[in-house]
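Step one of this worksheet: look at the structure below.
Remember, it's a predicted structure, so these values are computed and weren't measured experimentally. Along the sequence shown, the residues carry numbers beginning at 1.
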Amino acid sequence: MDIKIIVMINVILWAFVGYLRFQATKVKVKFKAMKTYGLTFLFGFLGIVMYLKNPNYIMIVNFISFASAGFILNICPSGFSDRGILMLGRLHKYKNISNYEKEVKFGEVTLKFTVKRRTYYLYLDNDQITDIDKYLQKIGGINK
């Protein structure tokens with residue numbers, strides 16, 4: 001692989017990671033959207049594959065870059081912000097949420113919301129749902 005392509009891939013990757021971290025700073029009430037350690041393994045695996053294809057020092061730096069990006073994405077919080085629900089860097093604005101339901105079963109709370117014909121599910125603990133309810137009352141609800 002050409003060094004220019006490798007540098008371009010890393011610049012795009014880190015711009016994306018920077019954007020996700022910037023979005024994550026706006027989170028007011030945090031929750032865990034999903035088990036994100038798979039992202040760390042995926043990015044590490046991509047770095048290893050690129051290294052095995054062309055083993056040199058540049059690819060070692062590339063592997064470290066990919067693994068670090070996966071780790072940073074792993075620690076990015078998801079949650080409720082002033083503008084919407086942030087899940088793994090993607091902001092779902094409150095005005096675009098058409099359906100919002102809360103369901104309690106066996107000590108686990110499921111939040112179900114629909115954005116543009118796609119339904120998302122959040123599985124939360126009871127202590128998290130009380131924080132979310134307080135925050136939603138404070139900002140005036142989902143469909144503002």
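Hydrophobic side-chain contacts under 4.5 Å tie F45 into a cluster, directly or through other members, with V49.
For the side-chain contact (heavy atoms from CB on, under 4.5 Å) test, residues two or more places apart in sequence or in another chain that qualify with F113 are I85, M87, H92, I97, Y100, V115, Y120, L122. Partners of K93 by side-chain contact (heavy atoms from CB on, under 4.5 Å), not counting sequence neighbours, listed by chain and number: R83, L91, K95, N96. Taking K102 as the reference, V109, L111, I129, D133 meet the side-chain contact (heavy atoms from CB on, under 4.5 Å) condition, with sequence neighbours excluded.
Screening residues 3-30 for ring-ring contact (aromatic ring centres under 6.0 Å, His included), with sequence neighbours left out, gives no hits. Residue pairs that meet the ring-ring contact (aromatic ring centres under 6.0 Å, His included) test with at least one member in residues 56-90, sequence neighbours left out, are F31-F80.
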Distance-only check: which donor-acceptor pairs under 3.5 Å involve side-chain atoms of residues 3-12, not counting sequence neighbours?
unit_1, atom_1, unit_2, atom_2, d
N10, OD1, S65, OG, 2.9
N10, ND2, I6, O, 3.1
N10, ND2, N62, OD1, 2.8

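Between the OG atom of S98 and the CZ atom of R117 there is a distance of 10.5 Å, given to the nearest 0.5 Å. Remark: Y51 OH to I58 CD1 distance equals 12.0 Å, nearest 0.5 Å. Between the OG1 atom in T119 and the CG atom in N99 there is a gap of 7.5 Å [rounded to 0.5 Å]. With rounding to the nearest 0.5 Å, the separation of CD1 in I60 from CD1 in I48 is 11.5 Å. Distance check: K112 NZ to T114 OG1 gives 6.5 Å after rounding to the nearest 0.5 Å. Taking CE of M59 as the reference point, atom NZ of K53 lies at 8.0 Å (rounded to 0.5 Å).
Considering all non-hydrogen atoms of both residues, A69 and V17 come closest at CB-CG2, 3.8 Å. The two residues K26 and S81 have their closest heavy-atom pair at O-CB, 3.1 Å.
Side-chain atoms of S78 and L86, non-hydrogen and from C-beta on, never get closer than 4.5 Å to each other. Counting only heavy atoms from C-beta outward, the side chains of P77 and R21 approach each other to under 4.5 Å.
Using modelled atom types, one finds no donor on one side chain facing an acceptor on the other under 3.5 Å when comparing D82 with Y94.
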